[in-house]
Amino acid sequence: MKRSPVRPAATSGLLVVCHALAFSACGPGEAASGAAETPGAGETAQSAAGAAAGGADLSTGTHVVLLGTGTPNPEPEASGPATAVLVDGRAYIVDAGVGLVRRAAEAADRYGAEGLTAARLDIAFLTHLHSDHTIGLPDLIHTPWVAEREAPLKLFGPGGTAAMAAHLTAAWEADIENRLGGAQPSTPDGWRVEAVEIGPGVIYEDDRVRVTAFAVSHTGWPEAYGFRFDGGGRSVVLSGDTAPTEAIVEMCAGCDVLVHEVYSATTFRDRPPEWQSYHAQAHTSTVELASLAVRARPGILVLHHQLGWGATPEEMVAEIRAAGYDGPLAYGRDLDVY
């Protein structure tokens, strides 16, 4: 499926880049100029790159950049799940799906976001340890170091994160020794990982942002988390992979941006029984998400990690609308900015 045109909308001084295909508004409390109630109707095409060149500034305030919106299925137009929350120019990465570092480089070039250049990717948060959310972790550890990252990667995640990081540095031991001891210039510590295993509550804070983890329910994992970011005058909540949970309502509570995973309730009915059982325990349907969003009241709901099984973006948006959510809504795609 080809990408739809994108169009910027100003919201409280922030540029929000949304796809014209499936949204009714592009920012907290403010519809994009000329946006139609019917998704895709009456839209004016403009590329995200053109929008950035026209004045987007991701160096101040808080912005969400979707680096990957995919699922475990190898969809060629969607990299693995990964999101950057940019706060005053610094990138905080959530999840490490396949293609992460190159998607970040593409976003850095497209939007002039220096915080997304490889050498500056030095802090990340993992929602859980499923392979599609972590298979890009070797890339995040090693590629920015080759690009002259000086500081160790700070990595926050559930139990098992430290062991995973240790295995991934050990697996590339020969490479590390070659680069440290050979002719190639290298920084002494950029390959290291400082892993912190987390629990619910505030897990990170600096002069830009406070990050709060909250437990979600995902297919038998003993620990899976969503995250709330507060900083730069905005609040952002990312669900991670989760079955419906009231924690989303409590943690968002009128947040500016809610990035939530979703599957089509309509095409779900055609799935084999064993897959229906799995997805009901692991993920959130369009109908369930609508109920959560009505009560969470986000400034904009961004669909992420979408399982459509043949449903189009328009159809998935229509399912959410039919289930009662009429707030600002966007069908997220790689490199969208909110």
Salt bridge [X]-[Y], side-chain N to carboxylate O under 4.0 Å:
X	Y	value
E106	R110	yes
D326	R321	no
R192	D189	yes

Take atom [atom1] in [X]; do more than 12 heavy atoms of anything else shown fall under 6.0 Å from it?
X	atom1	answer
E114	CD	no
R208	CZ	yes
Q276	CD	yes
I135	CD1	no
E75	CD	yes

Just by modelled atom types, is the [Y] backbone N or O under 3.5 Å from a matching donor or acceptor in the [X] side chain?
X	Y	result
R149	R120	no
S291	E288	no
T62	G231	yes
H304	G68	yes
D132	T71	no
E319	A265	yes
D57	S59	yes
E197	T161	yes
S264	T267	yes
E261	T284	yes

Ring-plane angle category for [X] and [Y], please: parallel below 30°, perpendicular beyond 60°, tilted otherwise.
X	Y	result
H218	H128	perpendicular
W275	H279	parallel
Y263	H283	perpendicular

[atom1]/[X] to [atom2]/[Y] distance, rounded to the nearest 0.5 angstrom?
X	Y	atom1	atom2	answer
L86	Y111	CG	OH	11.0 Å
M164	L129	CE	CG	4.5 Å
L153	L121	CG	CG	9.0 Å
H130	D241	NE2	CG	7.5 Å
S285	F268	OG	CZ	8.0 Å
R228	L258	CZ	CG	10.5 Å

Applying ring-ring contact (aromatic ring centres under 6.0 Å, His included), run through Y92 and F156 and close with a yes or a no. CA-CA 11 Å; Y92 303 85; F156 298 81; 9.9 Å; no
Pairs where residues 81-94 contributes a residue and the test salt bridge (Lys or Arg N to Asp or Glu O under 4.0 Å) is met, not counting sequence neighbours: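 Non-adjacent pairs meeting salt bridge (Lys or Arg N to Asp or Glu O under 4.0 Å): R90-D122, R90-D206.
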Sequence neighbours excluded - salt bridge (Lys or Arg N to Asp or Glu O under 4.0 Å) pairs with any residue from residues 266-275: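 Qualifying pairs, neighbours excluded: none.
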Using the side-chain contact (heavy atoms from CB on, under 4.5 Å) rule, pick out the option among V193, I141, I93, V196 that qualifies with L155.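 Checked V193, I141, I93, V196 against L155; only one passes side-chain contact (heavy atoms from CB on, under 4.5 Å): V193.
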Verify whether the ring centers belonging to F214 and Y225 lie closer than 6.0 Å.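 Between F214 and Y225, the centre distance exceeds or equals 6.0 Å.
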Heavy atoms only: give me the nearest S239-V216 pair and the separation to one decimal.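 Result for this residue pair: O-CG1, 3.9 Å.
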